[in-house]
Amino acid sequence: MNKNEAELELIHNLYPVGTRVVLDFMDDEYAPPIGTHGTVTGIDSACTIHVAWDNGNGLGLIYGKDKFHKEE
């Protein structure tokens with residue numbers, strides 16, 4: 001298993017489809033506002049976590065770069 005495969009498996013285990021997340025920080029002009037909640041809809045082979053944000057935004061999270069946490 002290479003590094004990307006191991007990271008992808010880790011992300012799938014941590015954030016399965018349906019997991020609720022909250023955005024803490026994203027360095028992107030199109031990012032939803034900090035504190036926006038959303039639902040994980042999938043994870044692609046580049047380890048991007050795709051999220052359906054509650055405000056309608058669809059921008060994915062980059063694991064290890066963007067800051068977010070699971071909804072409590």
Side-chain angles (χ1 to χ4, degrees):
M1 180 178 297
N2 66 34
K3 180 182 181 293
N4 192 53
E5 290 172 337
E7 184 175 51
L8 187 58
E9 183 177 343
L10 172 70
I11 295 167
H12 273 286
N13 288 333
L14 290 172
Y15 304 101
V17 171
T19 300
R20 295 284 295 168
V21 294
V22 182
L23 182 65
D24 297 322
F25 173 80
M26 184 187 288
D27 187 17
D28 189 300
E29 66 180 294
Y30 300 107
I34 291 172
T36 302
H37 294 239
T39 304
V40 174
T41 59
I43 300 165
D44 66 24
S45 61
C47 297
T48 299
I49 303 169
H50 295 276
V51 178
W53 297 103
D54 292 355
N55 70 349
N57 190 305
L59 198 59
L61 294 164
I62 300 173
Y63 185 77
K65 179 179 177 192
D66 297 323
K67 306 297 181 204
F68 58 97
H69 64 274
K70 289 182 182 178
E71 187 176 272
E72 295 181 18

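Residues: numbered from 1 along the sequence shown.
Hydrophobic cluster membership is shared by L59 and Y15, with clusters built from Ile, Leu, Val, Met, Phe, Trp and Tyr side chains linked at under 4.5 angstrom. V17 and V51 fall into different hydrophobic clusters, where Ile, Leu, Val, Met, Phe, Trp and Tyr side chains are chained together by heavy-atom contacts under 4.5 Å. Under a hydrophobic clustering in which Ile, Leu, Val, Met, Phe, Trp and Tyr are joined whenever their side-chain heavy atoms come within less than 4.5 Å, directly or via other members, F25 and I49 fall into different clusters.
Although no hydrogens or angles enter the test, the distance criterion places a donor-acceptor pair under 3.5 Å between the side chain of N57 and the main chain of Y30. One N or O on the side chain of K70 and one on the backbone of L14 form a donor-acceptor pair closer than 3.5 Å.
Residues N4 and E7 meet the side-chain proximity criterion, which asks for heavy atoms closer than 4.5 Å. Looking at L23 and W53, their side chains come closer than 4.5 Å, going by heavy atoms from C-beta outward. Counting heavy atoms from C-beta on, the side chains of F68 and M26 never come closer than 4.5 Å.
Qualifying side chain to side chain contact (heavy atoms under 4.5 Å, CB included) partners for I62, counting only residues two or more places apart in sequence or in other chains: K65, D66. H50 is linked by a side-chain hydrogen bond (donor to acceptor under 3.5 Å, both in side chains) to D44, counting only residues two or more places apart in sequence or in another chain. Shown here are the side-chain hydrogen bond (donor to acceptor under 3.5 Å, both in side chains) partners of T19, two or more places apart in sequence or in another chain: there are none.
Here the closest heavy-atom approach between residue C47 and residue I11 is recorded as CB-CD1, 3.5 Å. Residues N55 and P32 come closest through the heavy atom pair ND2-CB, 3.7 Å. The two residues D54 and T36 have their closest heavy-atom pair at N-CG2, 4.4 Å.
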Q: Could you give me the CA-CA distance, side-chain angles and deciding distance for L10 and Y63, then say whether side chain to side chain contact (heavy atoms under 4.5 Å, CB included) is met?
A: CA-CA 10 Å; L10 172 70; Y63 185 77; 3.6 Å; yes
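Remark: T48 OG1 to I43 CD1 distance equals 9.5 Å, nearest 0.5 Å.
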